[in-house]
There are 2 protein chains.
Amino acid sequence: MTENSTRDIEHLIDLMAKLPGLGPRSARRAVLHLIKKRGLVMAPLAQALQTVSETARECVTCGNIGTEDICDICTSPKRATGQICVVEDVADLWAMERGKAFAGRYHVLGGTLSALDAVGPDELRIPKLVSRIADEGITEVILALNATIDGQTTAHYIADQLGDVTVTSLAQGVPIGGELDYLDDGTIQAALNARKSF
Amino acid sequence: MTENSTRDIEHLIDLMAKLPGLGPRSARRAVLHLIKKRGLVMAPLAQALQTVSETARECVTCGNIGTEDICDICTSPKRATGQICVVEDVADLWAMERGKAFAGRYHVLGGTLSALDAVGPDELRIPKLVSRIADEGITEVILALNATIDGQTTAHYIADQLGDVTVTSLAQGVPIGGELDYLDDGTIQAALNARKSF
């Protein structure tokens, strides 16, 4: 922005530029686009942001984000299947829900264990997970953590903490539509080791 | 988003996904980021959007975007240098101002002439430009239009409409820091034709 453009627009661009995926240049472009369509998009967007900033909260049980103290998934009796899917982040929970493959409940850790970043079990809602297993009569814990070093370390730690309950993790292998030529060696090896009868 | 996530958050993601540079996936990521920092970023962003959506308007003289009927540049007596720089879009005006290379006033066309899109001279504030030249005692019109076919067609049309006034256009050549190997043939030819004594 320029010395001549008004403070409000400059301030808006600065705030937009802080969003992940937008830099100063694309924030300017987005703000110009919004100003050109201010009746159609900008006012509703301001209103929607205001509403969500007032109402959004973390579910006290699972850590999902919604507008109630306990989220829709935790309150729905249909989702009480005795299964809990443990994910790192709310984004992962949403990704699982988009797939519509899982009918049980979730537990959002909010990160992974990390000695470097001083993230211990208490920061990750792991005690809450342990208590939920008794409270909700859970029979299976599905670890859907990212296939990274930190994710797998966390998975092993959680498996150690859980007592008399089945602990499973997502299968590793060739993605649907994947071409062998483009896969890394680790994935091919994992897929070969976990081969199944055809 | 999922069937279970709340309407408000879903609605906000839909609106964010309409911004240029953000798709559904990055809009989700941005909204999650905002919700996690809702006190620090989200409420101020909602407020800034609301303010700008209420106050932003086009300058009736030059087409720049500001918060007054006539923008800062058009009201500043310092900018009355007798020069007008004609640009396609407000983004171009802002880019010129960031460079701090031009001390005069601007005229924003709001696009280029286009037979295909039925954009004629009246849609582009060209009559207003002609009247400004007399009203403001303009001595030089600098055409800073994009170096595209449409931009150059529009530049030629404008030059024809203007009477007894110097019309110039931006120089074409090698950009600062540019490497010849990466330049297209047209640019190299233009730079060669416009060569100057060293």
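In what follows, every chain begins at residue 1, and chains take the letters A, B, ... in the order their sequences are listed. Atoms considered below: every heavy atom in the structure, side chains included; atoms not considered: hydrogens, waters and symmetry mates.
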Side chain to side chain contact (heavy atoms under 4.5 Å, CB included) between B:Lys36 and A:Asp89, worked out: CA-CA 11 Å; B:Lys36 282 177 190 163; A:Asp89 200 83; 3.0 Å; yes

Under a 4.5 Å heavy-atom cut-off, does chain B meet the side chain of A:Lys37, its backbone, both or neither?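 Neither the backbone nor the side chain of A:Lys37 comes within 4.5 Å of chain B.
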
Check each atom of A:Asp14 against the heavy atoms of chain B and say whether the ones under 4.5 Å are side chain, backbone, both or neither.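 No part of A:Asp14 comes within 4.5 Å of chain B.
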
Which one of [options] has the most heavy-atom pairs closer than 4.5 Å to chain B?
options: A:Ala43, A:Gly21, A:Cys71; value: A:Ala43
options: A:Glu68, A:Met42, A:Lys18; value: A:Met42
options: A:Val41, A:Leu32, A:Val90; value: A:Leu32
options: A:Ile35, A:Thr55, A:Val31; value: A:Ile35

Check for me, please, whether [X] and [Y] land in the same ILVMFWY cluster - side-chain distances under 4.5 Å, paths through other members count.
X: A:Tyr157; Y: A:Ile138; result: yes
X: A:Val86; Y: A:Val119; result: yes
X: A:Ile133; Y: A:Val60; result: no
X: A:Leu93; Y: A:Leu109; result: no

Rounded to the nearest 0.5 Å, how far does [atom2] of [Y] lie from [atom1] of [X]?
X: B:Leu34; Y: A:Leu19; atom1: CG; atom2: CG; result: 5.0 Å
X: B:Ile13; Y: A:Trp94; atom1: CD1; atom2: CH2; result: 4.5 Å
X: B:Leu22; Y: A:Leu22; atom1: CG; atom2: CG; result: 4.5 Å

Main chain of B:Pro20, side chain of A:Arg29: is a donor-acceptor contact present, judged purely on distance under 3.5 Å?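 No: the side chain of A:Arg29 does not pair with the backbone of B:Pro20.
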
Taking every non-hydrogen atom, the tightest pair across A:Glu58 and B:Arg38: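 It is N-NH2, 4.4 Å.
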
Heavy-atom neighbours of [X] [atom1] exceed 12 at 6.0 Å:
X: B:Gln189; atom1: CD; result: no
X: A:Asn193; atom1: CG; result: yes
X: A:Glu123; atom1: CD; result: yes

Counting only heavy atoms closer than 4.5 Å, note whether B:Leu12 contacts chain A via side chain, backbone, both or neither.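 The answer is both parts of B:Leu12.
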
Donor-acceptor contacts under 3.5 Å from residues 45-53 of chain B side chains, at least two apart:
residue, atom, partner, partner atom, Å
B:Gln50, NE2, B:Glu54, OE2, 2.8
B:Thr51, OG1, B:Gln47, O, 2.8
B:Ser53, OG, B:Gln50, O, 3.1

Check: residues 141-151 of chain A side-chain donor-acceptor pairs under 3.5 Å, at least two apart:
residue, atom, partner, partner atom, Å
A:Asn146, ND2, A:Glu88, OE1, 3.2
A:Asn146, ND2, A:Glu88, OE2, 3.4
A:Thr148, OG1, A:Gly151, N, 3.2

